[in-house]
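By convention in this document, chain letters (A, B, ...) are assigned in the order of the sequence lines, proteins followed by strands, and residues within each chain are numbered from 1.
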2 protein chains.
Amino acid sequence: MGDEFCSCDIVHENVIEMVKKKMPQEEKLYDLAELFKVFGDTTRVKIISALFEAEMCVCDIAELLHMTQSAISHQLRVLRQARLVKHRKEGKVVFYSLDDEHIKSIFNQGLEHILEPRGFEYALQ
Amino acid sequence: MGDEFCSCDIVHENVIEMVKKKMPQEEKLYDLAELFKVFGDTTRVKIISALFEAEMCVCDIAELLHMTQSAISHQLRVLRQARLVKHRKEGKVVFYSLDDEHIKSIFNQGLEHILEPRGFEYALQ
DNA sequence: TTAACATATGAGCAATTGTTCATATGAACA
DNA sequence: TGTTCATATGAACAATTGCTCATATGTTAA
């Protein structure tokens with residue numbers, strides 16, 4: 001039954017069909033993964049966390065995170081392309097700030113998950 | 001001023017100090033990035049999306065996503081370690097389901113972001 | 001016990017990613 | 001105009017990641 005991606009015999013076809021119908025489009029799920037991938041790096045999470053507090057220029061962020069200007073600039077590019085930050089030029093200086101209200105929600109939900117006490121079963125792993 | 005991670009002279013020390021005080025602990029931000037990293041893969045996003053609809057065994061998921069049992073099992077391990085799914089054994093069969101209410105929120109906030117219409121400036125990039 | 005089966009896991013490989021280094025761009029000012 | 005400075009970017013390299021393949025684990029049934 002099916003395309004043999006699993007050697008099992010017990011496949012629950014009715015469940016699979018139901019789930020297949022209800023799941024979002026493949027493309028949406030791909031985009032969603034791409035979005036979370038942007039959040040999935042310590043440097044970028046730190047940048048976002050910093051920009052929650054204040055608009056900052058590239059140089060400030062580099063100084064704050066003890067990283068090179070180049071590294072920060074590369075990461076800001078990623079954040080820009082994901083529409084998570086916006087920028088404003090003032091002469092030579094470029095100020096970055098958060099672009100989206102959703103970010104705070106996503107970020108905070110993530111923090112809540114992190115801060116939850118861990119269950120017994122997990123502690124054993 | 002500072003540790004010279006940036007050759008700039010214009011560093012706004014007062015902003016940096018303020019932000020530094022308000023930012024979450026480094027370790028929390030690291031954990032947060034680790035959590036989002038788990039969401040940042042198409043296969044795992046699809047698995048989570050499927051488990052929103054129903055509890056499923058490894059074989060069902062493999063069939064649904066047209067992927068090998070091994071690939072799915074490896075990814076389920078990642079999801080388990082991040083406490084995003086739980087499992088229940090019934091004989092040889094292992095059923096997986098979502099472990100956490102936060103997941104739905106994080107996931108849906110992400111989808112909202114994805115679905116937002118894009119601005120003019122971004123369209124040009 | 002042995003055979004069959006559902007799942008888990010380790011090693012290896014290709015693809016992706018984050019940083020560094022060198023340099024380009026573009027704005028302000030002498 | 002030429003210089004200085006803030007930022008952006010391309011190439012290269014090391015580290016990480018997701019999959020495959022082979023095999024281990026653990027459960028059921030003969």
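With sequence neighbours left out, the side-chain contact (heavy atoms from CB on, under 4.5 Å) criterion links A:E55 to A:R88, A:F95, A:S97.
A:K37 and B:G40 get closest at one heavy-atom pair: CE-O, 3.0 Å. For the residue pair B:I48 and B:F107, the shortest heavy atom distance occurs at CG2-CE1, 3.8 Å. Contact between A:K86 and A:D99 at its shortest, heavy atoms only, is CD-OD1, 3.6 Å. Here the closest heavy-atom approach between residue B:L32 and residue A:L111 is recorded as CD1-N, 3.4 Å.
Rounded to whole angstrom, the span from the CD atom of A:Q81 across to the P atom of C:dG18 amounts to 12 Å. Between the CZ atom of B:R77 and the C1' atom of C:dA6 there is a distance of 18 Å, given to the nearest Å. If you measure from atom CZ of A:F39 to atom C1' of C:dT17, you get 18 Å, rounded to the nearest angstrom. Remark: P of C:dT9 and CG of B:L79 are 14 Å apart, rounded to the nearest angstrom. Note: NE2 (B:H87) to C1' (C:dT9) measures 14 Å, nearest angstrom. For the pair B:Y30 OH and C:dG18 C1', the interatomic distance rounds to 14 Å; values are reported in whole Å. The distance between atom CZ of B:R88 and atom C1' of C:dA6, rounded to the nearest whole Å, is 15 Å.
OP1 or OP2 of C:dG18 sits under 4.0 Å from a side-chain N or O of A:R44.
Salt bridge absent: A:K21 and B:E53 never bring a charged side-chain N and a carboxylate O closer than 4.0 Å.
Between B:S73 and A:K37, the residue anchored nearer the 5' end of DNA chain C, judged by the nucleotide with its closest heavy atom, is B:S73. Where A:V78 and B:V94 meet DNA chain C, the nucleotide closest to each residue was compared, and B:V94 sits on the side nearer the 5' end.
For an aromatic pair to be called close, the ring centres must be under 6.0 Å apart, and B:F39 with A:F39 fails this.
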I'd like to compare against my own output: the B/S/- annotation of nucleotides 19-28 of chain C with a strict under-4.0 Å heavy-atom distance to protein. SBBB---BBS

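Look at C:dG26: its Watson-Crick or wobble partner, with both distances under 3.5 angstrom, is D:dC5.
Residue contacts shown for B:Y96 are limited to sugar-phosphate atoms, with no base heavy atom under 4.0 Å away.
Annotation: proximity of residues 47-56 of chain A to DNA chain C (heavy atom, distance under 4.0 Å) is found for no residue.
Between B:D41 and A:F36, every side-chain heavy-atom pair lies at or beyond the 4.5 Å cut-off.
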Working for side chain to side chain contact (heavy atoms under 4.5 Å, CB included), residues A:E63 and A:C59: CA-CA 6 Å; A:E63 190 66 30; A:C59 204; over 6 Å; no

